[in-house]
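Written below as structure tokens is the structure these notes are about.
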Amino acid sequence: QVQLVESGGGLVQAGGSLRLSCAASGRTFSSYAMGWFRQAPGKEREFVTAISRSGGTIYYADFVKGRFTISRDNAKYTVYLQMNNLGPEDSAVYYCAADREGWASKLTYEYDYWGQGTQVTVSS
């Protein structure tokens, strides 16, 4: 099994920033595409952003509007999500996911491994 552990969530005021991290246990991390998804109460899990194994291809959901940045450090087996100018609509549990295929994808079903999630709550 590949284990993914998210961290960095918390409570922040509107307009603030958070940086989420997702640490992977597997030595094959560098071969995985990585993605971030989120799920708010009463809503379906939705795509946020994804990055290919090399970092050469990145996708963002429309609602990101330049506010979020995904990055990865393969030497540290970690993917990051920098979130700026947060609003209450961004409140959700954020999940990281890994795709063995290695190509960035917006599709939930293409991901093979999932973390447990980290809560992000934006006030105001």
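This structure is a prediction, so every number in the text was calculated from the model and none was measured.
Within 6.0 Å of CD in Glu89 there are more than 12 heavy atoms belonging to other residues, nucleotides or ligands. At most 12 heavy atoms of other shown residues, nucleotides or ligands fall within 6.0 angstrom of atom CD in Gln3.
For the ring-ring contact (aromatic ring centres under 6.0 Å, His included) test, residues two or more places apart in sequence or in another chain that qualify with Phe37 are Phe47, Tyr111, Trp114. When the ring-ring contact (aromatic ring centres under 6.0 Å, His included) test is applied to Phe68, no partner is found at least two apart in sequence or on another chain.
For residues 10-26, the pairs satisfying side-chain hydrogen bond (donor to acceptor under 3.5 Å, both in side chains) are Ser17-Asn84, with sequence neighbours left out.
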I would like to know whether Ser105 and Glu110 meet side chain to side chain donor-acceptor pair (under 3.5 Å); could you show each step before the answer? CA-CA 7 Å; Ser105 175; Glu110 291 195 352; 2.7 Å; yes

Evaluate Leu81 against Thr49 for side-chain contact (heavy atoms from CB on, under 4.5 Å), listing each step before the verdict. CA-CA 9 Å; Leu81 180 63; Thr49 182; 3.7 Å; yes

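At a threshold of 4.5 Å between side-chain heavy atoms, the hydrophobic network of Ile, Leu, Val, Met, Phe, Trp and Tyr places Ile51 and Tyr59 in two separate groups. Under the 4.5 Å side-chain contact rule for hydrophobic residues, Tyr95 and Tyr60 do not share a cluster. Linking Ile, Leu, Val, Met, Phe, Trp and Tyr residues whenever their side-chain heavy atoms come within less than 4.5 Å leaves Val93 and Phe63 in two separate clusters. Note on Val120 and Val5: separate hydrophobic clusters, where clusters join Ile, Leu, Val, Met, Phe, Trp and Tyr whose side-chain heavy atoms are under 4.5 Å apart, directly or indirectly. Note on Tyr113 and Val48: same hydrophobic cluster, where clusters join Ile, Leu, Val, Met, Phe, Trp and Tyr whose side-chain heavy atoms are under 4.5 Å apart, directly or indirectly.
The two atoms that bring Ser71 and Val79 nearest to each other are O-CG2, 3.1 Å, heavy atoms only. Contact between Ser31 and Thr28 at its shortest, heavy atoms only, is OG-O, 2.7 Å. Of all heavy-atom pairs between Thr118 and Gly9, the closest is OG1-N, 3.2 Å. Of all the heavy atoms in Ser91 and Val122, the pair that sits closest is OG-N, 2.8 Å. The minimum heavy-atom distance between Asp90 and Arg67, with the atom names listed, is OD2-NH1, 2.7 Å. Met34 approaches Leu4 most closely through the heavy-atom pair CE-CD2, 4.2 Å.
Rounding to the nearest 0.5 angstrom, the gap separating the SG atom in Cys96 from the CD atom in Glu6 is 4.0 Å.
In this structure, Asp73 contributes its side chain and Thr78 its backbone to no donor-acceptor pair below 3.5 Å. Between the side chain of Gln39 and the backbone N or O of Ala92 there is no donor-acceptor pair closer than 3.5 Å. The backbone N or O of Ser52 sits less than 3.5 Å from a side-chain atom of Arg72, completing a donor-acceptor pair.
Considering only heavy atoms from C-beta on, Trp103 stays 4.5 Å or farther from Arg53 through its side chain.
A side-chain N or O of Tyr94 and one of Arg38 form a donor-acceptor pair less than 3.5 Å apart.
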